[in-house]
There are 2 protein chains.
Amino acid sequence: MTPPTPLHLSLAGQAVDVLREQVLTGEIPPGSRVNEVEVAQQLGISRGPLREAIRHLASEGLLTLVPHRGAFVPDATPEDVKALFELRTALECAAAEHAASRRTDVDLVRLQDVCAESRRNYRAGQPFPYRLDLAFHQTLLDAARSPYIAEQVRLVQQRVVLLRSSLEDDPPHQHASMDDHDELVRAIADGDAAKAGAVMRRHLSRVCAQMLTSLTH
Amino acid sequence: MTPPTPLHLSLAGQAVDVLREQVLTGEIPPGSRVNEVEVAQQLGISRGPLREAIRHLASEGLLTLVPHRGAFVPDATPEDVKALFELRTALECAAAEHAASRRTDVDLVRLQDVCAESRRNYRAGQPFPYRLDLAFHQTLLDAARSPYIAEQVRLVQQRVVLLRSSLEDDPPHQHASMDDHDELVRAIADGDAAKAGAVMRRHLSRVCAQMLTSLTH
DNA sequence: AACGTGTCAACTGTCGACAGTTGGCAGATT
DNA sequence: AATCTGCCAACTGTCGACAGTTGACACGTT
């Protein structure tokens, strides 16, 4: 019973996944260069597919290309963080408004479930895992039913993860985030688009501020 | 006196420019496939750089890739247009709000100049050129000073141009657009971010509706 | 006549090798 | 000793050729 498709994904596609993981986890540290021949040998593929993978990640903002020099993992400046969060805010506020208008009851249950699980984890003494934060925003995006906005948010969140890779969270911030999420769900439950957008704006503003302080500490 | 850089742009970069032009002008019609060997010969380059160019344009949304089948110029469905304009609205409303808050007097003068030129052209009996519409939105984006938002808007506008390539404008719509632009400039002049965002939202809603009617005519 | 099967050409995916450019190092000069 | 010049190794950019897959056509079967 071999898989129906002999190659589930092209070598370039596989290389994208592997490289993305290595960049996001910080295995390839920010500021470092990606050597084409070295990484190609390491992955056991030729330079062609690897180059395509590098270009793809560059288009996602996870690498920056310098002609005749190669690809670098970008390191964030405070200005970058601010500008990136302006983009994220524009996208996710719109998503929150659309979610408030278009959500189904199933969407609402899913959102409430994610919030409840976050609370449970937190009360059990465990930290609010970033995984659940991502899950919340993803669920909200599904409820918004705006595929292009969702796609762009996904890309922006990836870049945020990249900036965030070496930061630790502090409990007060986690608590505030969970409160924001709860309030957001209430606004969406009420179908109050304006409030949903406003709460999302305040939430992201807080997250951005926290990242900026962590960045400079 | 040869140029300082022997190659101003890599072959892949040049191929991107040529292909983008051909796609946006409809020289390569929507729905058609891009044959790698054929286009490579046509451009006088190898398949490697051309492949990179194709992948780049795909990341911009100007081509869609199908594994083992090739690259196609996407043809728009009404759902695509709506979803794309939801993205554009989220981005440009935020840009309009930022522009209202951050604009300098120089920015304001530039915006007013573009509007004035549009009026002049229109009164002279000439149609409102799409060039000036793009110039207006670009000037507003510069005034917003949010580089990531600006970059995304640029990509979205490109896709709108692609959808728009075979559509003609009608004078009533042109007139309404110029009125919207004027009202937008007034809001930005007043520093009224909320109004600027609202006007932009209404403007894009109108443009989207016009595109949808033109699409189905 | 409709359907399933085998073959084939065209195209994409991949590879290894060559050419051009960049940044740095060694040596010569002042 | 400091600076400038010329060379060099490493790397990216590019090319031509091979391998694997896809969709379609022709053929045979029911």
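Lettering follows sequence order; numbering is per chain, from 1.
- Whole-Å rounding puts the I45(B) CD1 to dA19(C) C1' distance at 17 Å.
- Following rounding to the nearest Å, L65(B) (CG) and dT12(C) (C1') show an atom-to-atom distance of 11 Å.
- Dashed line: the shortest gap from a side-chain N or O of N35(B) to OP1 or OP2 of dA10(C) is not under 4.0 Å.
- Nearer to the 5' terminus of DNA chain C, by closest-nucleotide assignment, is the contact made by E36(B) (compared with the other of G44(A) and E36(B)).
- In this structure, L43(A) places its CG atom 15 Å from C1' of dT14(C), rounding to the nearest Å.
- Contact annotation for R69(B): backbone-only contact, meaning every heavy-atom pair under 4.0 Å involves sugar-phosphate atoms and none involves a base.
- In this model, no donor atom of one side chain and acceptor atom of the other lie less than 3.5 Å apart for S118(A) and N121(A).
- Considering all non-hydrogen atoms of both residues, I149(A) and A94(A) come closest at CD1-CB, 4.3 Å.
- Of the two residues near DNA chain C, P67(B) and R47(A), the one whose nearest nucleotide lies more 5' is P67(B).
- One interatomic measurement links the two molecules: CD of Q41(B) to P of dT12(C), which rounds to 12 Å at whole-angstrom precision.
- Minimum atom distance to the side chain of L11(B) is reached by dT14(D), of the listed dT12(C), dT14(C), dT14(D).
- Side-chain contact of D142(A) with Q138(A): a donor-acceptor pair under 3.5 Å is present, judged by distance alone.
- Here V66(A) lies out of heavy-atom contact (under 4.0 Å) with every strand.
- When the P atom of dC15(C) is taken as reference, atom CZ of R51(A) falls 14 Å away, rounded to whole Å.
- Note: CG (L9(A)) to P (dG20(D)) measures 18 Å, nearest angstrom.
- Atom CG of L50(A) is separated from atom C1' of dG13(C) by 15 Å (rounded to the nearest Å).
- The side chain of S46(A) lies closest to dG16(C), out of dT14(D), dT22(C), dG16(C).
- Contact detail for D105(A) and R103(A): the closest heavy-atom pair is OD1-NH1, 3.4 Å.
- Ring geometry, H203(A) versus H137(A): the interplanar angle falls under 30°, so the pair is classed parallel (tilted spans 30 to 60°).
- Comparing atom distances between the P49(A) side chain and each of dT14(D), dG13(D), dC15(C) picks out dC15(C) as nearest.
- With distances taken from any side-chain atom of H68(B) to the nucleotides dT22(D), dT14(D), dG13(D), the minimum falls on dT22(D).
- When each of dC11(C), dT22(D), dT12(D) is scored by its nearest atom to the side-chain atoms of R33(A), the top-ranked nucleotide is dT12(D).
- Atom CG of L63(A) and atom C1' of dT12(D) are 15 Å apart (whole Å).
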